[in-house]
Amino acid sequence: MTAKKKWSAEVTEHSDAMDLEEHIFEADDAKKIAASLKRSAEHSDRRKAEPFQSAMSMLNFYINRVGKNLPQARRKVLEDAKDELRVAFGRQEQA
């Protein structure tokens, strides 16, 4: 019997998720992650929602998929990427 793929890999490959730069979630720079997600969301023909929503959803999907196995330092970079994504799309909250 062959090993089954994880459901999350199947979703990423065959859903209407957007096309991502390889290994982007491994980057150490939150701005780089946000810029790549924005670029992917704006150019992808595999998304159904608006670019901002698609990009943020993909970032949340990755964070949730890794779950408790995500080291605190990585989680911080990815959470910072959410803020950078909001800025990149002009969605930062008013102070």
Side-chain angles (χ1 to χ4, degrees):
M1 181 184 272
T2 61
K4 283 187 172 182
K5 277 188 166 182
K6 292 187 177 183
W7 69 268
S8 54
E10 189 71 21
V11 167
T12 303
E13 291 174 15
H14 300 291
S15 75
D16 286 320
M18 60 189 184
D19 300 315
L20 298 175
E21 179 181 336
E22 291 211 17
H23 307 288
I24 189 56
F25 295 117
E26 296 170 13
D28 291 327
D29 183 1
K31 282 186 180 184
K32 179 180 179 180
I33 295 169
S36 178
L37 286 171
K38 183 176 192 272
R39 191 170 41 253
S40 294
E42 290 175 338
H43 294 99
S44 178
D45 59 358
R46 293 179 60 208
R47 65 175 170 77
K48 289 186 177 179
E50 293 299 315
F52 172 75
Q53 184 180 355
S54 294
M56 188 63 77
S57 293
M58 189 56 72
L59 183 52
N60 282 318
F61 175 77
Y62 180 79
I63 292 169
N64 291 336
R65 183 180 76 180
V66 177
K68 294 177 183 175
N69 296 326
L70 189 61
Q72 190 63 32
R74 290 294 320 140
R75 181 173 297 278
K76 170 92 171 92
V77 170
L78 295 172
E79 290 294 335
D80 289 348
K82 287 183 185 182
D83 294 333
E84 292 296 337
L85 199 53
R86 288 182 190 99
V87 170
F89 278 99
R91 300 264 183 128
Q92 61 269 36
E93 292 184 23
Q94 301 295 329

- Verify side chain to side chain contact (heavy atoms under 4.5 Å, CB included) between K76 and D80, making sure each step is shown before the conclusion. CA-CA 6 Å; K76 170 92 171 92; D80 289 348; 3.0 Å; yes
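- Among residues at least two apart or in separate chains, salt bridge (Lys or Arg N to Asp or Glu O under 4.0 Å) pairs with a member in residues 27-36 are D28-R74.
- Among pairs with a residue in residues 27-50, none fulfils ring pair (Phe, Tyr, Trp, His ring centres under 6.0 Å), at least two apart in sequence or across chains.
- Separating the CG atom in N60 from the NZ atom in K82 is a distance of 4.0 Å, to the nearest 0.5 Å.
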- Task: Would you check, one step at a time, whether the test side chain to side chain contact (heavy atoms under 4.5 Å, CB included) holds for D83 with R86?
- Result: CA-CA 5 Å; D83 294 333; R86 288 182 190 99; 2.9 Å; yes
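- For E26, the side-chain hydrogen bond (donor to acceptor under 3.5 Å, both in side chains) partners are H23, not counting sequence neighbours.
- Annotation: Q53, atom CD; neighbour count of heavy atoms from other residues, nucleotides and ligands within 6.0 Å does not exceed 12.
- The shortest non-hydrogen separation linking A49 to S54 is O-OG, 3.5 Å.
- Sorted by first and then second residue, the ring pair (Phe, Tyr, Trp, His ring centres under 6.0 Å) pairs involving residues 65-90 (not counting sequence neighbours) are F52-F89.
- In this structure, M56 CE and L59 CG are separated by 6.5 Å, a value rounded to the nearest 0.5 Å.
- The side-chain hydrogen bond (donor to acceptor under 3.5 Å, both in side chains) test applied to E50 returns no partner, not counting sequence neighbours.
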Could you give the side-chain donor-acceptor pairs of residues 33-40 under 3.5 Å, partners two or more places apart or in another chain?
unit_1	atom_1	unit_2	atom_2	d
S36	OG	E21	OE1	2.8
K38	NZ	E42	OE2	3.0
S40	OG	D19	O	3.2
S40	OG	S36	O	3.0

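- Residues satisfying the side chain to side chain contact (heavy atoms under 4.5 Å, CB included) criterion with V66, sequence neighbours excluded, are Y62, N69, L70.
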